[in-house]
2 protein chains.
Amino acid sequence: MKGYLWTGGHGSPGSPDAPVIEGRLAPWEAIAVDAVGNVIEFWGFKRNQGRVWALLYLRGEPLTAGEIERELDLSKGGVSMLLRDLERWGVIQRVRLPQDTVWRYGAETDLVRMVRHVIEEREAGFVARIRADLSEARRLAEMAGEVPSERLERLEKMATLAEHVERALRLFIKTSRLDVSGVLAVFRDGASRRNER
Amino acid sequence: MKGYLWTGGHGSPGSPDAPVIEGRLAPWEAIAVDAVGNVIEFWGFKRNQGRVWALLYLRGEPLTAGEIERELDLSKGGVSMLLRDLERWGVIQRVRLPQDTVWRYGAETDLVRMVRHVIEEREAGFVARIRADLSEARRLAEMAGEVPSERLERLEKMATLAEHVERALRLFIKTSRLDVSGVLAVFRDGASRRNER
DNA sequence: GGTGCAGTTCAAGCGGTCTTGAACTATATG
DNA sequence: CATATAGTTCAAGACCGCTTGAACTGCACC
(Lines give C-alpha, C1' and ligand atoms only; values in the text may rest on other atoms or scores of the structure.)
Protein backbone atom coordinates (compact mmCIF):
# COMPACT_ATOMS: atom_id res chain seq x y z
CA MET A 1 0.00 0.00 0.00
CA LYS A 2 2.74 2.36 -0.79
CA GLY A 3 1.76 5.97 -1.15
CA TYR A 4 -1.72 5.24 0.03
CA LEU A 5 -1.88 7.79 2.74
CA TRP A 6 1.14 9.94 2.39
CA THR A 7 2.27 12.39 4.99
CA GLY A 8 5.01 14.30 3.25
CA GLY A 9 5.24 18.03 2.84
CA HIS A 10 2.62 20.20 4.45
CA GLY A 11 -0.57 19.20 6.24
CA SER A 12 -3.59 20.42 4.39
CA PRO A 13 -2.51 22.80 1.66
CA GLY A 14 -3.75 25.87 3.40
CA SER A 15 -2.61 25.03 6.90
CA PRO A 16 -0.40 27.68 8.52
CA ASP A 17 2.30 25.27 9.65
CA ALA A 18 5.41 25.45 7.55
CA PRO A 19 8.02 23.65 9.62
CA VAL A 20 10.44 22.94 6.81
CA ILE A 21 12.41 25.69 5.14
CA GLU A 22 12.54 24.68 1.53
CA GLY A 23 15.21 26.79 -0.12
CA ARG A 24 13.44 29.78 -1.53
CA LEU A 25 10.53 27.94 -3.07
CA ALA A 26 7.37 30.00 -3.10
CA PRO A 27 4.58 28.36 -1.08
CA TRP A 28 2.46 27.75 -4.12
CA GLU A 29 5.39 26.16 -5.84
CA ALA A 30 6.03 23.90 -2.89
CA ILE A 31 2.46 22.71 -2.96
CA ALA A 32 2.39 22.08 -6.67
CA VAL A 33 5.77 20.38 -6.59
CA ASP A 34 4.71 18.11 -3.77
CA ALA A 35 1.43 17.32 -5.43
CA VAL A 36 3.26 16.05 -8.45
CA GLY A 37 5.66 14.21 -6.19
CA ASN A 38 2.74 12.39 -4.64
CA VAL A 39 1.25 11.41 -7.95
CA ILE A 40 4.53 10.14 -9.19
CA GLU A 41 5.14 8.14 -6.07
CA PHE A 42 1.70 6.71 -6.44
CA TRP A 43 2.64 5.48 -9.85
CA GLY A 44 5.60 3.63 -8.48
CA PHE A 45 8.33 6.17 -8.97
CA LYS A 46 10.28 8.02 -6.38
CA ARG A 47 8.56 10.98 -4.90
CA ASN A 48 11.57 13.18 -5.49
CA GLN A 49 11.73 12.28 -9.14
CA GLY A 50 8.32 13.83 -9.49
CA ARG A 51 9.28 16.84 -7.43
CA VAL A 52 12.32 17.53 -9.55
CA TRP A 53 10.37 17.24 -12.77
CA ALA A 54 7.65 19.50 -11.41
CA LEU A 55 10.11 22.15 -10.34
CA LEU A 56 11.81 22.16 -13.71
CA TYR A 57 8.52 22.28 -15.48
CA LEU A 58 7.12 25.11 -13.40
CA ARG A 59 10.24 27.22 -13.71
CA GLY A 60 10.22 26.81 -17.45
CA GLU A 61 13.92 27.47 -17.77
CA PRO A 62 16.69 24.97 -17.15
CA LEU A 63 18.16 24.88 -13.66
CA THR A 64 21.50 23.63 -12.46
CA ALA A 65 21.85 20.66 -10.16
CA GLY A 66 22.92 23.00 -7.39
CA GLU A 67 19.79 25.09 -7.72
CA ILE A 68 17.59 22.04 -7.63
CA GLU A 69 19.48 20.85 -4.60
CA ARG A 70 18.78 24.09 -2.78
CA GLU A 71 15.20 24.59 -3.88
CA LEU A 72 14.05 21.12 -3.00
CA ASP A 73 16.41 20.65 -0.09
CA LEU A 74 17.95 17.47 -1.43
CA SER A 75 21.46 16.16 -1.17
CA LYS A 76 24.02 16.61 -3.90
CA GLY A 77 24.31 12.91 -4.54
CA GLY A 78 20.58 12.46 -4.53
CA VAL A 79 20.04 15.14 -7.12
CA SER A 80 22.67 13.58 -9.31
CA MET A 81 20.92 10.24 -9.27
CA LEU A 82 17.46 11.65 -9.68
CA LEU A 83 18.55 13.69 -12.67
CA ARG A 84 20.18 10.70 -14.25
CA ASP A 85 17.02 8.64 -13.90
CA LEU A 86 14.85 11.36 -15.31
CA GLU A 87 17.20 11.96 -18.18
CA ARG A 88 17.41 8.29 -18.99
CA TRP A 89 13.65 8.18 -19.24
CA GLY A 90 13.66 11.23 -21.43
CA VAL A 91 11.49 13.36 -19.18
CA ILE A 92 14.15 16.00 -18.67
CA GLN A 93 16.90 17.22 -20.92
CA ARG A 94 20.44 18.15 -20.08
CA VAL A 95 21.45 21.35 -21.83
CA ARG A 96 24.43 23.64 -21.81
CA LEU A 97 23.76 27.26 -22.60
CA PRO A 98 26.28 28.75 -25.09
CA GLN A 99 28.02 31.07 -22.70
CA ASP A 100 27.68 28.90 -19.64
CA THR A 101 29.98 26.20 -18.34
CA VAL A 102 27.67 24.09 -16.19
CA TRP A 103 24.98 21.68 -17.19
CA ARG A 104 21.42 22.75 -16.80
CA TYR A 105 18.33 20.60 -16.79
CA GLY A 106 15.07 21.42 -18.44
CA ALA A 107 11.76 19.59 -18.21
CA GLU A 108 10.63 17.67 -21.18
CA THR A 109 7.01 18.68 -21.33
CA ASP A 110 5.93 15.22 -22.34
CA LEU A 111 4.76 13.78 -19.06
CA VAL A 112 3.00 11.06 -20.93
CA ARG A 113 6.33 9.58 -21.73
CA MET A 114 6.83 9.03 -18.05
CA VAL A 115 3.52 7.29 -17.57
CA ARG A 116 4.10 5.23 -20.66
CA HIS A 117 7.43 4.28 -19.27
CA VAL A 118 5.94 2.91 -16.09
CA ILE A 119 3.41 0.83 -17.79
CA GLU A 120 5.37 -0.42 -20.71
CA GLU A 121 8.59 -1.05 -18.89
CA ARG A 122 7.06 -2.76 -15.94
CA GLU A 123 4.57 -4.63 -17.96
CA ALA A 124 7.25 -5.96 -20.23
CA GLY A 125 9.33 -7.70 -17.63
CA PHE A 126 6.56 -8.21 -15.23
CA VAL A 127 3.55 -9.55 -16.98
CA ALA A 128 5.80 -11.78 -19.00
CA ARG A 129 7.13 -13.28 -15.83
CA ILE A 130 3.72 -13.80 -14.35
CA ARG A 131 2.56 -15.62 -17.40
CA ALA A 132 5.69 -17.72 -17.41
CA ASP A 133 5.09 -18.64 -13.80
CA LEU A 134 1.49 -19.54 -14.37
CA SER A 135 2.21 -21.73 -17.33
CA GLU A 136 5.05 -23.34 -15.46
CA ALA A 137 2.66 -24.08 -12.64
CA ARG A 138 0.30 -25.60 -15.14
CA ARG A 139 3.07 -27.76 -16.56
CA LEU A 140 4.09 -28.99 -13.12
CA ALA A 141 0.54 -29.67 -12.13
CA GLU A 142 -0.09 -31.72 -15.22
CA MET A 143 3.14 -33.61 -14.80
CA ALA A 144 2.41 -34.37 -11.19
CA GLY A 145 -0.72 -36.16 -12.23
CA GLU A 146 -3.37 -36.92 -9.61
CA VAL A 147 -4.29 -33.26 -9.48
CA PRO A 148 -8.07 -32.92 -9.42
CA SER A 149 -9.13 -31.68 -12.82
CA GLU A 150 -11.28 -28.99 -11.28
CA ARG A 151 -8.22 -27.44 -9.72
CA LEU A 152 -6.42 -27.54 -13.03
CA GLU A 153 -9.36 -25.74 -14.51
CA ARG A 154 -9.13 -23.04 -11.93
CA LEU A 155 -5.48 -22.62 -12.70
CA GLU A 156 -6.35 -22.25 -16.37
CA LYS A 157 -8.89 -19.63 -15.56
CA MET A 158 -6.39 -17.71 -13.55
CA ALA A 159 -4.06 -17.58 -16.52
CA THR A 160 -6.94 -16.49 -18.70
CA LEU A 161 -7.79 -13.71 -16.34
CA ALA A 162 -4.18 -12.58 -16.30
CA GLU A 163 -4.22 -12.32 -20.05
CA HIS A 164 -7.40 -10.33 -20.06
CA VAL A 165 -6.08 -7.92 -17.49
CA GLU A 166 -3.00 -7.56 -19.62
CA ARG A 167 -5.10 -6.70 -22.62
CA ALA A 168 -7.01 -4.16 -20.61
CA LEU A 169 -3.74 -2.59 -19.61
CA ARG A 170 -2.58 -2.30 -23.17
CA LEU A 171 -5.83 -0.71 -24.05
CA PHE A 172 -5.28 1.76 -21.27
CA ILE A 173 -1.89 2.72 -22.61
CA LYS A 174 -3.29 3.29 -26.02
CA THR A 175 -6.28 5.31 -24.94
CA SER A 176 -4.34 7.37 -22.46
CA ARG A 177 -1.86 8.21 -25.11
CA LEU A 178 -4.61 9.29 -27.42
CA ASP A 179 -6.39 11.14 -24.72
CA VAL A 180 -3.43 13.13 -23.61
CA SER A 181 -1.97 13.76 -27.00
CA GLY A 182 -4.50 16.52 -27.38
CA VAL A 183 -3.13 18.23 -24.34
CA LEU A 184 0.36 17.81 -25.59
CA ALA A 185 -0.13 20.36 -28.28
CA VAL A 186 -0.91 22.87 -25.58
CA PHE A 187 2.24 21.96 -23.77
CA ARG A 188 4.56 22.56 -26.64
CA ASP A 189 5.20 26.23 -26.00
CA GLY A 190 8.90 26.35 -26.79
CA ALA A 191 9.65 27.89 -23.42
CA SER A 192 12.83 25.92 -23.00
CA ARG A 193 15.67 26.75 -25.29
CA ARG A 194 18.05 23.89 -25.54
CA ASN A 195 20.82 23.31 -28.00
CA GLU A 196 23.41 20.60 -27.68
CA ARG A 197 23.94 17.68 -25.42
CA MET B 1 9.95 1.34 -7.39
CA LYS B 2 8.26 -1.19 -5.24
CA GLY B 3 7.84 -4.59 -6.73
CA TYR B 4 9.95 -3.67 -9.67
CA LEU B 5 12.31 -6.53 -9.43
CA TRP B 6 11.02 -8.85 -6.82
CA THR B 7 13.00 -11.64 -5.31
CA GLY B 8 10.43 -13.51 -3.31
CA GLY B 9 9.63 -17.18 -3.50
CA HIS B 10 11.63 -19.39 -5.84
CA GLY B 11 14.27 -18.43 -8.37
CA SER B 12 13.12 -19.26 -11.82
CA PRO B 13 10.03 -21.38 -11.64
CA GLY B 14 11.75 -24.54 -12.71
CA SER B 15 14.89 -24.20 -10.62
CA PRO B 16 15.55 -27.17 -8.34
CA ASP B 17 16.17 -25.13 -5.19
CA ALA B 18 13.31 -25.30 -2.74
CA PRO B 19 14.81 -23.90 0.44
CA VAL B 20 11.56 -23.03 2.15
CA ILE B 21 9.17 -25.66 3.37
CA GLU B 22 5.78 -24.22 2.68
CA GLY B 23 3.30 -26.26 4.66
CA ARG B 24 2.15 -28.98 2.36
CA LEU B 25 1.60 -26.83 -0.69
CA ALA B 26 2.21 -28.64 -3.94
CA PRO B 27 5.02 -27.05 -5.93
CA TRP B 28 2.71 -25.97 -8.70
CA GLU B 29 0.44 -24.39 -6.16
CA ALA B 30 3.32 -22.52 -4.60
CA ILE B 31 4.29 -21.10 -7.94
CA ALA B 32 0.80 -20.06 -8.88
CA VAL B 33 0.14 -18.59 -5.46
CA ASP B 34 3.34 -16.61 -5.54
CA ALA B 35 2.69 -15.42 -9.06
CA VAL B 36 -0.59 -13.94 -7.95
CA GLY B 37 1.12 -12.53 -4.90
CA ASN B 38 3.55 -10.71 -7.13
CA VAL B 39 0.86 -9.27 -9.34
CA ILE B 40 -1.09 -8.09 -6.39
CA GLU B 41 1.91 -6.49 -4.80
CA PHE B 42 2.63 -4.81 -8.07
CA TRP B 43 -0.80 -3.28 -7.96
CA GLY B 44 -0.11 -1.76 -4.60
CA PHE B 45 -1.56 -4.41 -2.32
CA LYS B 46 0.27 -6.66 0.03
CA ARG B 47 1.88 -9.64 -1.51
CA ASN B 48 0.32 -11.95 1.04
CA GLN B 49 -3.15 -10.68 0.36
CA GLY B 50 -2.74 -11.97 -3.15
CA ARG B 51 -1.27 -15.23 -1.97
CA VAL B 52 -4.15 -15.88 0.37
CA TRP B 53 -6.72 -15.13 -2.29
CA ALA B 54 -4.91 -17.32 -4.79
CA LEU B 55 -4.76 -20.23 -2.40
CA LEU B 56 -8.43 -19.99 -1.61
CA TYR B 57 -9.30 -19.69 -5.24
CA LEU B 58 -7.19 -22.63 -6.32
CA ARG B 59 -8.50 -24.88 -3.59
CA GLY B 60 -12.06 -24.06 -4.50
CA GLU B 61 -13.37 -24.95 -1.08
CA PRO B 62 -13.28 -22.71 1.97
CA LEU B 63 -10.29 -23.10 4.28
CA THR B 64 -9.88 -22.21 7.91
CA ALA B 65 -7.49 -19.54 9.09
CA GLY B 66 -5.33 -22.24 10.61
CA GLU B 67 -5.02 -24.06 7.33
CA ILE B 68 -4.07 -20.92 5.50
CA GLU B 69 -1.55 -20.19 8.18
CA ARG B 70 0.09 -23.57 7.69
CA GLU B 71 -0.09 -23.70 3.91
CA LEU B 72 1.37 -20.28 3.33
CA ASP B 73 3.59 -20.29 6.37
CA LEU B 74 2.19 -17.09 7.81
CA SER B 75 1.65 -16.02 11.36
CA LYS B 76 -1.66 -16.33 13.12
CA GLY B 77 -2.01 -12.60 13.54
CA GLY B 78 -1.01 -11.93 9.99
CA VAL B 79 -3.60 -14.29 8.59
CA SER B 80 -6.25 -12.67 10.71
CA MET B 81 -5.48 -9.23 9.35
CA LEU B 82 -5.10 -10.38 5.79
CA LEU B 83 -8.43 -12.15 5.90
CA ARG B 84 -10.11 -9.13 7.37
CA ASP B 85 -8.78 -6.90 4.60
CA LEU B 86 -9.81 -9.32 1.89
CA GLU B 87 -13.23 -9.76 3.39
CA ARG B 88 -13.75 -6.04 3.73
CA TRP B 89 -13.00 -5.66 0.06
CA GLY B 90 -15.39 -8.44 -0.77
CA VAL B 91 -12.84 -10.65 -2.48
CA ILE B 92 -13.29 -13.50 -0.03
CA GLN B 93 -16.27 -14.67 1.93
CA ARG B 94 -16.47 -15.90 5.46
CA VAL B 95 -18.70 -18.94 5.73
CA ARG B 96 -19.66 -21.41 8.42
CA LEU B 97 -20.55 -24.87 7.23
CA PRO B 98 -23.69 -26.22 8.90
CA GLN B 99 -22.03 -28.92 10.94
CA ASP B 100 -18.85 -27.09 11.62
CA THR B 101 -17.99 -24.68 14.40
CA VAL B 102 -15.13 -22.69 12.91
CA TRP B 103 -15.17 -20.01 10.27
CA ARG B 104 -13.96 -20.87 6.83
CA TYR B 105 -12.97 -18.54 4.07
CA GLY B 106 -13.78 -18.95 0.40
CA ALA B 107 -12.53 -16.97 -2.55
CA GLU B 108 -14.91 -14.66 -4.24
CA THR B 109 -14.26 -15.47 -7.85
CA ASP B 110 -14.72 -11.89 -8.89
CA LEU B 111 -11.15 -10.73 -9.13
CA VAL B 112 -12.27 -7.72 -11.04
CA ARG B 113 -13.76 -6.40 -7.89
CA MET B 114 -10.31 -6.30 -6.45
CA VAL B 115 -8.86 -4.42 -9.37
CA ARG B 116 -11.78 -2.06 -9.33
CA HIS B 117 -11.18 -1.52 -5.68
CA VAL B 118 -7.60 -0.41 -6.20
CA ILE B 119 -8.41 2.05 -8.83
CA GLU B 120 -11.62 3.44 -7.50
CA GLU B 121 -10.60 3.59 -3.89
CA ARG B 122 -7.23 5.10 -4.45
CA GLU B 123 -8.42 7.39 -7.14
CA ALA B 124 -11.17 8.67 -4.94
CA GLY B 125 -9.07 9.88 -2.08
CA PHE B 126 -5.98 10.41 -4.09
CA VAL B 127 -6.78 12.16 -7.28
CA ALA B 128 -9.18 14.37 -5.40
CA ARG B 129 -6.38 15.43 -3.14
CA ILE B 130 -4.03 16.12 -6.00
CA ARG B 131 -6.56 18.33 -7.66
CA ALA B 132 -7.25 20.12 -4.43
CA ASP B 133 -3.56 20.75 -3.96
CA LEU B 134 -3.11 22.01 -7.46
CA SER B 135 -6.00 24.41 -7.29
CA GLU B 136 -4.83 25.55 -3.89
CA ALA B 137 -1.44 26.24 -5.40
CA ARG B 138 -3.13 28.22 -8.12
CA ARG B 139 -5.07 30.23 -5.58
CA LEU B 140 -1.95 31.04 -3.60
CA ALA B 141 -0.01 31.93 -6.69
CA GLU B 142 -2.70 34.31 -7.86
CA MET B 143 -3.01 35.86 -4.42
CA ALA B 144 0.72 36.35 -4.11
CA GLY B 145 0.66 38.51 -7.21
CA GLU B 146 3.91 39.25 -9.03
CA VAL B 147 4.03 35.68 -10.27
CA PRO B 148 5.06 35.69 -13.92
CA SER B 149 1.99 34.87 -15.94
CA GLU B 150 3.85 32.25 -17.91
CA ARG B 151 4.43 30.29 -14.72
CA LEU B 152 0.79 30.54 -13.84
CA GLU B 153 0.04 29.15 -17.24
CA ARG B 154 2.28 26.21 -16.65
CA LEU B 155 0.53 25.54 -13.39
CA GLU B 156 -2.78 25.59 -15.21
CA LYS B 157 -1.49 23.15 -17.73
CA MET B 158 -0.37 20.84 -15.02
CA ALA B 159 -3.85 20.80 -13.56
CA THR B 160 -5.25 20.19 -17.00
CA LEU B 161 -2.94 17.28 -17.52
CA ALA B 162 -3.96 15.85 -14.16
CA GLU B 163 -7.57 15.96 -15.21
CA HIS B 164 -6.85 14.25 -18.47
CA VAL B 165 -4.94 11.49 -16.80
CA GLU B 166 -7.82 11.10 -14.45
CA ARG B 167 -10.22 10.74 -17.32
CA ALA B 168 -7.98 8.17 -18.92
CA LEU B 169 -8.04 6.24 -15.69
CA ARG B 170 -11.80 6.24 -15.54
CA LEU B 171 -11.90 5.03 -19.06
CA PHE B 172 -9.59 2.24 -18.09
CA ILE B 173 -11.87 1.16 -15.29
CA LYS B 174 -14.82 1.09 -17.57
CA THR B 175 -13.17 -0.77 -20.38
CA SER B 176 -11.45 -3.24 -18.12
CA ARG B 177 -14.74 -3.99 -16.51
CA LEU B 178 -16.28 -4.63 -19.86
CA ASP B 179 -13.32 -6.59 -21.06
CA VAL B 180 -13.20 -8.92 -18.13
CA SER B 181 -16.91 -9.30 -17.67
CA GLY B 182 -16.81 -11.81 -20.47
CA VAL B 183 -14.38 -13.90 -18.53
CA LEU B 184 -16.49 -13.57 -15.46
CA ALA B 185 -19.13 -15.85 -16.85
CA VAL B 186 -16.50 -18.53 -17.10
CA PHE B 187 -15.53 -17.99 -13.53
CA ARG B 188 -18.97 -18.47 -12.09
CA ASP B 189 -18.80 -22.22 -11.70
CA GLY B 190 -20.47 -22.55 -8.34
CA ALA B 191 -17.50 -24.49 -7.02
CA SER B 192 -17.73 -22.90 -3.63
CA ARG B 193 -20.77 -23.74 -1.58
CA ARG B 194 -21.43 -21.10 0.94
CA ASN B 195 -24.53 -20.47 2.96
CA GLU B 196 -24.74 -17.94 5.75
CA ARG B 197 -22.50 -15.27 7.03
C1' DG C 1 -15.88 -21.55 37.20
C1' DG C 2 -12.10 -23.72 34.35
C1' DT C 3 -9.98 -25.38 30.16
C1' DG C 4 -9.05 -25.14 25.32
C1' DC C 5 -9.22 -23.36 20.90
C1' DA C 6 -10.36 -19.64 17.31
C1' DG C 7 -9.71 -15.11 16.38
C1' DT C 8 -8.03 -10.12 17.28
C1' DT C 9 -4.90 -6.52 18.47
C1' DC C 10 -0.67 -4.14 18.64
C1' DA C 11 4.14 -3.08 20.16
C1' DA C 12 8.52 -4.52 18.69
C1' DG C 13 11.56 -6.24 15.21
C1' DC C 14 12.76 -7.15 10.54
C1' DG C 15 13.63 -6.21 5.85
C1' DG C 16 13.81 -3.40 1.96
C1' DT C 17 14.08 1.13 -0.22
C1' DC C 18 15.60 5.97 -0.33
C1' DT C 19 18.71 9.46 1.15
C1' DT C 20 22.77 11.13 2.84
C1' DG C 21 27.46 12.53 2.93
C1' DA C 22 32.09 11.69 2.11
C1' DA C 23 35.43 10.09 -1.11
C1' DC C 24 36.27 10.12 -5.72
C1' DT C 25 36.52 11.63 -10.81
C1' DA C 26 36.18 15.16 -14.32
C1' DT C 27 36.70 19.61 -16.13
C1' DA C 28 37.83 24.38 -16.28
C1' DT C 29 41.06 28.11 -14.98
C1' DG C 30 45.16 30.65 -13.45
C1' DC D 1 50.59 21.62 -12.01
C1' DA D 2 47.57 23.40 -8.32
C1' DT D 3 43.14 24.82 -7.19
C1' DA D 4 38.30 25.06 -7.40
C1' DT D 5 33.97 23.75 -8.64
C1' DA D 6 30.65 20.35 -10.88
C1' DG D 7 29.23 15.87 -10.99
C1' DT D 8 29.27 10.64 -9.72
C1' DT D 9 29.38 6.68 -6.84
C1' DC D 10 28.30 3.92 -3.02
C1' DA D 11 28.45 2.28 1.85
C1' DA D 12 26.13 3.55 6.00
C1' DG D 13 22.17 4.87 8.02
C1' DA D 14 17.43 6.79 8.19
C1' DC D 15 13.06 5.64 7.31
C1' DC D 16 8.80 3.16 6.69
C1' DG D 17 5.69 -0.54 6.07
C1' DC D 18 4.98 -5.54 6.88
C1' DT D 19 5.17 -9.41 9.80
C1' DT D 20 5.62 -11.56 14.02
C1' DG D 21 4.39 -13.31 18.42
C1' DA D 22 2.55 -12.69 22.78
C1' DA D 23 -1.20 -11.00 25.35
C1' DC D 24 -5.89 -10.54 25.06
C1' DT D 25 -10.97 -11.43 23.95
C1' DG D 26 -14.74 -14.47 22.78
C1' DC D 27 -16.95 -18.67 22.62
C1' DA D 28 -17.95 -23.59 23.36
C1' DC D 29 -17.92 -27.36 26.14
C1' DC D 30 -17.17 -29.92 30.52
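Protein chains get the first letters and strands the later ones, always in sequence-line order, with residue 1 at the start of each.
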What is the separation between atom [atom1] on [X] and atom [atom2] on [N], rounded to the nearest whole Å?
X      : N      : atom1 : atom2 : answer
A:L72  : C:dT19 : CG    : P     : 12 Å
B:D100 : C:dA6  : CG    : P     : 10 Å
A:L63  : D:dA6  : CG    : P     : 15 Å
A:I68  : C:dT20 : CD1   : C1'   : 17 Å
A:E41  : D:dG17 : CD    : C1'   : 12 Å
B:R104 : C:dC5  : CZ    : P     : 17 Å
A:L83  : D:dG7  : CG    : C1'   : 10 Å
A:E69  : D:dT5  : CD    : P     : 14 Å

#### Entry: Side-chain heavy atoms of B:I68 within contact of B:L82, under 4.5 Å
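They are not in contact (no side-chain heavy atoms under 4.5 Å apart), so the answer is no.
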### Query
Taking the side chain from A:R47 and the backbone from A:E41, do they hold a donor-acceptor pair closer than 3.5 Å?
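A pair under 3.5 Å: no.
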#### Entry: Single hit among A:V36, A:D34, A:N38 for side-chain contact (heavy atoms from CB on, under 4.5 Å) with B:I130
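The passing option is A:N38.
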Non-neighbouring partners of [X] that pass side chain to side chain contact (heavy atoms under 4.5 Å, CB included), sequence neighbours left out:
X      : answer
A:R131 : A:V127, A:E163, A:E166
B:E67  : B:L63, B:T64, B:R70, B:R104
A:D85  : A:K46, A:Q49, A:R88, A:W89

### Message
Test of understanding: with salt bridge (Lys or Arg N to Asp or Glu O under 4.0 Å), list the residues that count as partners of A:E156, not counting sequence neighbours.
### Response
A:R138
All N/O pairs under 3.5 Å across the protein-nucleotides 26-30 of chain D interface:
none

#### Entry: Nearest heavy-atom neighbours spanning A:Y105 and A:L56
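Of all heavy-atom pairs spanning A:Y105 and A:L56, the closest is O-CD2, 3.2 Å.
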#### Entry: Of A:V102 and A:R84, the one whose closest DNA chain D nucleotide lies more 5'
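Its nucleotide being nearer the 5' end, the pick is A:V102.
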Can you tabulate the close N/O pairs, meaning under 3.5 Å, that link protein atoms to atoms of nucleotides 19-21 of chain D?
{"unit_1": "D:dT19", "atom_1": "OP1", "unit_2": "B:N48", "atom_2": "ND2", "d": "2.5"}
{"unit_1": "D:dT20", "atom_1": "OP2", "unit_2": "B:S75", "atom_2": "N", "d": "3.1"}
{"unit_1": "D:dT20", "atom_1": "OP2", "unit_2": "B:S75", "atom_2": "OG", "d": "3.1"}

### Task
Starting at CD1 of B:I31, measure out to OG of A:S135 and round the result to the nearest 0.5 Å.
9.5 Å
